[in-house]
J.: 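Before I ask anything, let me first share the structure, which is written out below as structure tokens.
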Amino acid sequence: MEEEVKLLGAWPSPYSYRVLWALSLKDIKYEYVEEDLSNKSDLLLQYNPVYKKIPVLVHGGKPISESLVILEYMEETWPQNPLLPQDPYDKAMARFWAKFGEDKGPIFMAIFVTVGEEQEKAAKEAKEQLTILEEQALGEKKFFGGDKIGLTDIVLGWMAGWLDVIEEVSGLKLLEAETFPRLHAWVQRFKEVPGIKEQLPDRDEMLVYYKKKREMFIGSVKP
């Protein structure tokens, strides 16, 4: 008998979507529980008493927290449709770029929560990170790991569903096709992958959500 799989997540968290995409790609049956992060449930606090955050994957009653840790756990538990290559060096490189993507995420968030000179500085730094991803991580490959979608693609998948929304709301354009043609093409490919395209958040709903969020952030920093 298969052990029950449950995911505690929250719309439109890209961290939740990482796990949703992996579950879909690996064809794993699961129950999804939507969390209200302004009023966290007893279940979330029970399953993640340390960070009290989503996502949390519960497998056979045992909770696993933090999206990158969850993805690694899933890879070991359900090896079908692997997200990591077999070659040890290639596997290390996938983990390296996934960690890079994780570490550099706050740079892009800085664009969303700042204005004026601070925002311009954040945009410059974000473009530097996009250049590294374009030239050193992706290169001429179809996906970050080669011909198939993998761990790094999933970790950076927020660029496919969230970045253009953040750009529009923030009034800045970062990922232009002329400047980053390979990353731009990767975004389009990522969106069309079966298991991904059915699990992308609605853009119009996200625009409404992130516009309200930005107004809150900007309102809080104005003198």
Side-chain angles (χ1 to χ4, degrees), residues 9-21 34-40 51-55 65-68 96-139 144 152-191 196 199-223:
W11 182 93
S13 164
Y15 301 102
S16 290
Y17 274 88
R18 288 176 181 177
V19 184
L20 285 168
W21 292 332
E34 177 72 16
E35 281 289 330
D36 178 0
L37 298 183
S38 64
N39 183 26
K40 296 176 182 179
Y51 291 117
K52 304 176 177 64
K53 295 193 301 186
I54 54 89
S65 305
E66 296 294 296
S67 61
L68 278 180
F96 174 87
W97 288 115
K99 180 70 164 55
F100 177 90
E102 184 84 344
D103 291 345
K104 301 304 179 182
I107 293 170
F108 294 88
M109 182 52 66
I111 294 159
F112 180 65
V113 299
T114 55
V115 293
E117 287 184 12
E118 273 191 76
Q119 192 188 49
E120 288 174 15
K121 182 182 176 183
K124 182 176 182 291
E125 195 172 351
K127 287 179 180 179
E128 290 170 358
Q129 306 313 316
L130 290 174
T131 299
I132 291 171
L133 289 172
E134 168 103 355
E135 296 177 358
Q136 299 186 48
L138 184 59
F144 282 94
T152 309
D153 302 279
I154 287 175
V155 171
L156 294 171
W158 68 270
M159 291 199 297
W162 285 256
L163 184 54
D164 72 319
V165 171
I166 290 171
E167 288 174 334
E168 183 171 334
V169 170
S170 304
L172 284 173
K173 190 65 180 171
L174 299 173
L175 189 57
E176 295 182 283
E178 298 78 16
T179 311
F180 302 106
R182 285 171 284 184
L183 273 178
H184 191 269
W186 167 80
V187 164
Q188 308 313 313
R189 282 193 294 271
F190 183 86
K191 287 180 176 180
I196 300 291
Q199 292 272 19
L200 287 168
D202 183 87
R203 189 178 187 279
D204 292 337
E205 290 178 4
M206 282 217 296
L207 269 176
V208 172
Y209 175 84
Y210 281 109
K211 278 178 182 175
K212 287 181 181 176
K213 279 279 189 185
R214 178 158 168 84
E215 287 167 7
M216 287 170 55
F217 281 125
I218 300 309
S220 67
V221 297
K222 284 182 179 177

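In this chain, residues are counted from 1 in sequence order.
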J.: Do Phe108 and Trp162 make the cut of ring centroids closer than 6.0 angstrom?
T.: no
J.: How close do Ala160 and Val187 get, counting heavy atoms only, and between which atoms?
T.: CA-CG1, 3.8 Å
J.: Roughly how far apart are Glu135 CD and Leu183 CG, rounded to 0.5 Å?
T.: 9.5 Å
J.: Apply side-chain contact (heavy atoms from CB on, under 4.5 Å) to Phe112 and Leu172, showing your working.
T.: CA-CA 9 Å; Phe112 180 65; Leu172 284 173; over 6 Å; no
J.: Hey, does the side chain of Gln119 reach the backbone of Ser170 with a donor-acceptor pair shorter than 3.5 angstrom?
T.: yes
J.: Taking it one step at a time, do Glu205 and Trp11 satisfy side-chain contact (heavy atoms from CB on, under 4.5 Å)?
T.: CA-CA 10 Å; Glu205 290 178 4; Trp11 182 93; 3.8 Å; yes
J.: Go through the steps for Lys127 and Leu174 under the test side-chain contact (heavy atoms from CB on, under 4.5 Å), then give the verdict.
T.: CA-CA 6 Å; Lys127 287 179 180 179; Leu174 299 173; 3.9 Å; yes
J.: Which atom pair, heavy atoms only, marks the closest approach of Met206 to Pro12?
T.: SD-CB, 3.9 Å
J.: Using the rule given for side-chain contact (heavy atoms from CB on, under 4.5 Å), can you reason through Gln129 versus Leu133, listing the C-alpha separation, both sets of side-chain angles and the distance that settles it, and then say yes or no?
T.: CA-CA 6 Å; Gln129 306 313 316; Leu133 289 172; 5.5 Å; no
J.: Taking side chain as C-beta onward, heavy atoms only, is Glu35 less than 4.5 Å from Pro55?
T.: no
J.: Measure across Tyr51 and Glu66 and return the closest heavy-atom pair with its distance rounded to 0.1 Å.
T.: CD1-OE2, 3.7 Å
J.: With a sphere of 6.0 Å drawn around NZ of Lys173, does it hold more than 12 non-hydrogen atoms of other residues, nucleotides or ligands?
T.: yes
J.: Would you give the length of the straight line joining atom CZ of Phe180 to atom OG1 of Thr131, rounded to the nearest 0.5 angstrom?
T.: 4.0 Å
J.: What distance do Lys121 atom NZ and Thr114 atom OG1 have between them, rounded to the nearest 0.5 Å?
T.: 10.5 Å
J.: Could you state the interatomic distance from NE2 (His184) to CZ (Arg189), rounded to the nearest 0.5 Å?
T.: 11.5 Å
J.: Can you tell me how the ring of Phe100 sits relative to the ring of Trp97, calling it parallel under 30°, perpendicular over 60° and tilted otherwise?
T.: perpendicular
J.: side-chain contact (heavy atoms from CB on, under 4.5 Å) with Val169: which of Ile111, Val208, Leu207, Asp164?
T.: Leu207
J.: Provide the closest heavy-atom pair for Ile54 versus Ser16 in the form atom of the first, atom of the second, distance.
T.: CD1-OG, 3.3 Å
J.: Find the distance between OG (Ser13) and CD (Glu34) and round it off to the nearest 0.5 Å.
T.: 9.5 Å
J.: Would you say the side-chain atoms of Asp153 and Trp186 include a donor-acceptor pair closer than 3.5 Å?
T.: yes
J.: Could you walk me through whether Glu128 and Lys124 satisfy the salt bridge (Lys or Arg N to Asp or Glu O under 4.0 Å) test, starting with their C-alpha distance in whole Å, then the side-chain angles of each, then the deciding distance to 0.1 Å, before giving a yes or no?
T.: CA-CA 6 Å; Glu128 290 170 358; Lys124 182 176 182 291; 3.0 Å; yes
J.: Would you say Glu117 has more than 12 foreign heavy atoms packed within less than 6.0 Å of its CD?
T.: no
J.: Can you tell me how far apart CG (Leu156) and CZ (Arg18) are? Round to the nearest 0.5 Å.
T.: 8.0 Å
J.: Within a reach of under 6.0 Å around NZ of Lys191, are more than 12 heavy atoms found that belong to other residues, nucleotides or ligands?
T.: yes
